[in-house]
Amino acid sequence: MPPKKPAEPLPFSENVMRQVRAIPRGQVRSYAQVALYAGRPGAARGVGRELKLLPGQATQVPWWRVIRSDGTLAPPVAHEQAKRLRAEGVTVAQHGQVFRVALKDREDG
DNA sequence: AATATGACCATAC
DNA sequence: TGTATGGCCATAT
């Protein structure tokens, strides 16, 4: 058989989708966190890029549970995102800021 | 193939 | 407290 490429981890996009789908309802995670758990620390930008490809409405991937590291929502989707988050019981300030309580996935905070 | 762009982040000043 | 810089990743030109 022809030489196959070495055991390469799952594609970045695959891992991203996997991680995002793994976010429990009512909880949020930052782009950086998703990137980190996807095996590409620092690739937060790639996460955002992947998510923006999603249909946005009829998708299984809960993209709205991914927010910025500082707790704010990305401008292009902030409105829809805030709406969906609130529907899950996540408190979103009028300014479009999610409390850090919802962001933390570590005991430290 | 190189450059520009974007739902980003951490650090430096 | 803001602005700048480098890193990261895929798409579009």
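Just so we're on the same page: letters track the sequence lines, and every chain starts at 1.
- Nucleotide B:dC9 holds its P atom 15 Å from the OH atom of A:Tyr37, rounded to whole Å.
- Side chain of A:Arg21 to main chain of A:Gln60: no donor-acceptor pair is present (N/O by atom type, distance under 3.5 Å, no hydrogens or angles).
- Summarising the geometry, the separation between CZ on A:Arg45 and C1' on B:dT5 is reported as 8 Å, rounded to the nearest angstrom.
- Taking atom CD of residue A:Glu50 and atom P of nucleotide C:dA12, one finds them 12 Å apart after rounding to whole Å.
- Here the P atom of nucleotide C:dT11 and the CG atom of A:Leu54 are 13 Å apart, to the nearest Å.
- The P atoms of C:dG6 and B:dT3 are separated by 16 Å, rounded to the nearest whole Å.
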Give every pair of a protein N or O atom and an N or O atom of nucleotides 10-13 of chain B that lie under 3.5 Å apart, one pair per line with the distance.
residue, atom, partner, partner atom, Å
B:dA10, OP2, A:Ser69, OG, 3.3

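- Atoms NZ (A:Lys52) and P (C:dC9) sit 16 Å apart, rounded to a whole Å.
- For A:Arg40, a side-chain nitrogen or oxygen approaches OP1 or OP2 of C:dC9 to under 4.0 Å.
- At a threshold of 4.0 angstrom between heavy atoms, the contacts of A:Gln81 with the nucleic acid are absent.
- Between A:Arg84 and A:Glu88 no salt bridge is recorded (no basic side-chain N to carboxylate O distance below 4.0 Å).
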For DNA chain C, produce a single dot-bracket line, 5' to 3'. Pairs: Watson-Crick or G-U wobble, both distances under 3.5 Å. Symbols: ( ) within strand, [ ] crossing, | other strand, . unpaired. .||||||.|||||
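- For the pair A:Met17 CE and C:dA10 P, the interatomic distance rounds to 12 Å; values are reported in whole Å.
- Here B:dC8 presents its P atom at 13 Å from CZ of A:Phe12, a figure rounded to the nearest Å.
- What separates CG of A:Leu51 from P of C:dC8 is a distance of 20 Å, to the nearest Å.
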